[in-house]
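First the structure, in the form of structure tokens, and then the observations on it.
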Protein chains: 2
Amino acid sequence: MSQLPEQPSEGPVPTSADVARLAGVSRATVSYVLNNNSTVRISDPTRRRVREAAGELGYVPHAAARSLRAGHTRMVLLPAGNHPAAPLHHRFFHELESGLRRLDYTVVQHGSLGLDAEEAARAWAELRPVAVVAPGGIALTPQGIAVLRRSGARAVITLGPQPVEGAHALVMDEREVGRCATTHLLERGRRRIGVVIPEERGVGVFAEPRLAGARRAAAGGGARIEPLPLRYEEESAAALAARWRTLGLDGVFAYNDDYAMLLMRALQDAGIDVPGETAVIGAEDLMLGRLLRPRLSSVRMELATAQPLADLVDRLVRNPGGEPERHDLLSARAIPREST
Amino acid sequence: MSQLPEQPSEGPVPTSADVARLAGVSRATVSYVLNNNSTVRISDPTRRRVREAAGELGYVPHAAARSLRAGHTRMVLLPAGNHPAAPLHHRFFHELESGLRRLDYTVVQHGSLGLDAEEAARAWAELRPVAVVAPGGIALTPQGIAVLRRSGARAVITLGPQPVEGAHALVMDEREVGRCATTHLLERGRRRIGVVIPEERGVGVFAEPRLAGARRAAAGGGARIEPLPLRYEEESAAALAARWRTLGLDGVFAYNDDYAMLLMRALQDAGIDVPGETAVIGAEDLMLGRLLRPRLSSVRMELATAQPLADLVDRLVRNPGGEPERHDLLSARAIPREST
DNA sequence: TTGAAAGCGTTACCAG
DNA sequence: CTGGTAACGCTTTCAA
């Protein structure tokens, strides 16, 4: 009659007290053993008993309890963007993440769709991350930064096209991409240059600086810049190509290789010779651009390796007092192929 | 001499006790007000005082303390893959995430590079998630599942090409993609069919089932299947194209559109007529495939909308007892264009 | 309507 | 070397 119908999968979660009881020691001893605390010496047989008890119960420490006690976490929070990041960023994030894990941080991505900047910052702050690395396209306001700092974040870092007041900045200056592309077109003798602006929302954070970079380069070279809104659809590209000759452009920087491939095909279909009548250059140097005829010229973007940046995050966490730092991550250079 | 050099950004993190003190009420009252507890009635002036005090201090509740007290979290953990997921998956994750947030879950992605299945499961379990949704390519063993369940996870769900023993499964049966592609080639009269297997690591989880699906379809149609290892590089594709005629294939399913574009270009450069001599079909129906000449045939993959799946996760969390459930998410159909 | 107190799981301090 | 104890921040009885 005293049979308890507890299924193993529904039983209470084992705690360090359970481990202590099973091993016949105190909770403190369990803690010492499991954390390899070196300030105190525990006999080997005891260690083994504790380890075995933990294994037998499937004990896993409770991170929340631990960090409550410790007064801080080792969580680095990466707010996730609403929009798929560029492939380049992906690799970079993975590197950053494993770099941080190597330094014993727990890296956690937290999405924030449908929250405004303040709400999002509060949601992050509830987790009490020791650092926040917010990619470009994530709303991060000075007030949001203040909330995070007050909640104990020792480093708030933006990672994107431009710095944000009051936070450290890992800058991927996308203007450089526009500058490179435009300079290359200028060198090819082009003076009336279109710059594709994707209409997809969320891309603006990247597109605007690329355009700005193009403008600056053009100003120095006596060229004209014409922004060209474009959706990532064949119809949109065809419409643009249809009115191409009225635009009178002899070169175009197409935001990136995807848009460049789309546009170049539409231009060719409309009988515009590339590069004869109009030169086309993309960015990001995708493999696929090399498969087209003419082969697509591009801007290769190189991102700093992420391990030093993980070290940087670590340094800012350990030594939080200083002025906001700025580090430039992105370098760009034109890769001329046949389309320019 | 008593001047404290505390900078505002370095002061202690405000707690509910600070809010209570400033508002001149007890901590309990603060909790009632801030959580809109309806079982107890608090006067409006008090409510306002509490809210103002919280705002003034920039108080943000401490999620760890809260869940420690509550005995459970509302965290849904998504282990992040080592490898960039397909674009389709990206959209899907974003949808799932906002669906879950709508149900008041906190969605957290946790990377696990360089950890084996057991270590990873323990790392996740430390956070005491109420549910874990593990994408394909993430190692999830029966033991790992047990660890998670014992640590309080009420739902462990895999999301990928095949179910895992003991967990619920959202199945994206990639075999269907291979089956579709191959059936389409059979309908076009092809009988000697190559199937590209990317050599990049991490892609295997997707590639193997696609190959399996192709084999099954071929078996029914009296066709031969030839696996074709390929790296995503021009040289690799050129090498494959160079020995193409010795392979004697009249059709090829190229894993996806990226590999298909790469291979098709190499075949054309080697003087192989597409589709005359060899038909080529990809998968994922990328826009770029439509820009090639011949236009690339593809398999369009459609994923179930994610909101119902968020509801499903919620249901499994609230009602954890049942048998492992399986839900099929992926449907595929061939989109014939000019390359087949 | 408000306040006091207990307790969640952990670890650090201090006696034994 | 080991064991008791207090404290981290929060919510929730129970009592006033």
Side-chain angles (χ1 to χ4, degrees), chain A residues 11-50 53-54 57-75 106 125-128 130 150-152, chain B residues 11-50 53-54 57-75 122 125-128 130 150-152:
Chain A
V13 181
T15 72
S16 73
D18 297 321
V19 177
R21 207 168 308 131
L22 182 57
V25 300
S26 73
R27 303 206 318 285
T29 305
V30 172
S31 175
Y32 293 143
V33 172
L34 264 34
N35 295 309
N36 290 315
N37 188 322
S38 50
T39 68
V40 75
R41 304 200 57 80
I42 309 276
S43 70
D44 269 2
T46 305
R47 302 187 99 82
R48 207 175 40 247
R49 282 219 315 286
V50 169
L57 294 174
Y59 167 74
V60 175
H62 192 311
R66 174 178 288 173
S67 63
L68 185 60
R69 161 70 214 203
H72 61 258
T73 67
R74 284 189 68 80
M75 181 186 301
T106 298
E126 290 196 1
L127 300 174
R128 298 290 191 271
V130 69
R150 261 201 307 267
S151 76
Chain B
V13 181
T15 73
S16 74
D18 297 320
V19 177
R21 208 169 307 132
L22 182 59
V25 300
S26 74
R27 296 191 351 266
T29 307
V30 172
S31 176
Y32 292 144
V33 172
L34 263 34
N35 295 311
N36 291 314
N37 187 323
S38 50
T39 67
V40 75
R41 303 200 62 79
I42 308 277
S43 69
D44 270 2
T46 305
R47 301 188 101 80
R48 208 174 37 247
R49 283 218 315 286
V50 169
L57 294 174
Y59 168 73
V60 175
H62 192 310
R66 173 178 290 175
S67 61
L68 186 59
R69 163 69 215 208
H72 61 259
T73 68
R74 284 192 68 80
M75 182 187 299
R122 266 198 296 276
E126 291 196 0
L127 300 174
R128 297 290 191 270
V130 69
R150 260 201 307 267
S151 77

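Please read these numbers as outputs of a predicted model, since none were measured by experiment. Every chain is numbered from 1, with letters handed out A, B, ... down the list of sequences.
- Residue B:V25 is classed as a sugar-phosphate contact, given heavy-atom separations below 4.0 Å to backbone atoms only.
- Nucleic acid contact class of A:T46 (heavy atoms, under 4.0 Å, all strands): sugar-phosphate only.
- A pairwise comparison of heavy atoms in A:R49 and A:G24 identifies NH2-O, 4.1 Å as the closest pair.
- Atom CG of residue A:L68 and atom OG1 of residue A:T73 lie 11.5 Å apart, to the nearest 0.5 angstrom.
- A:I42 comes within 4.0 angstrom of sugar-phosphate atoms only, judged by non-hydrogen atoms across all strands, and of no base.
- For the atom pair OG1 (A:T106) and CZ (A:R74), the distance works out to 8.5 Å, reported to the nearest 0.5 Å.
- Using a 4.0 Å cut-off, no side-chain N or O of B:S16 falls inside it from OP1 or OP2 of D:dT11.
- A nucleotide of DNA chain C counts as in contact with chain B when one of its atoms lies under 4.0 Å from a heavy atom; the first and last such, 5' to 3', are C:dT1 to C:dG9.
- The closest donor-acceptor contact from the side chain of B:T46 to the backbone of B:I42 lies at 3.5 Å or more, if one exists at all.
- Note that OG of B:S151 is 9.0 Å distant from NE2 of A:H62, once rounded to the nearest 0.5 Å.
- Note that CZ of A:R150 and CG of B:L57 are 8.0 Å apart. Values are rounded to the nearest 0.5 Å.
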Interface polar pairs with nucleotides 12-15 of chain D, N/O, under 3.5 angstrom:
unit_1 : atom_1 : unit_2 : atom_2 : d
D:dT12 : O4'    : B:R69  : NH2    : 3.1
D:dT13 : O4     : B:Y32  : OH     : 3.4

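- Taken from CZ in A:R21 to OG in A:S16, the straight-line distance is 9.5 Å, to the nearest 0.5 Å.
- The backbone N or O of B:G152 lies less than 3.5 Å from no partner atom in the side chain of B:R128, so there is not a single donor-acceptor pair.
- For D:dT2, the OP1/OP2 oxygens have a side-chain nitrogen or oxygen of A:S43 closer than 4.0 Å.
- Distances were taken from every side-chain heavy atom of A:L68 (C-beta onward) to each of D:dG9, D:dT2, D:dC10; the shortest belongs to D:dG9.
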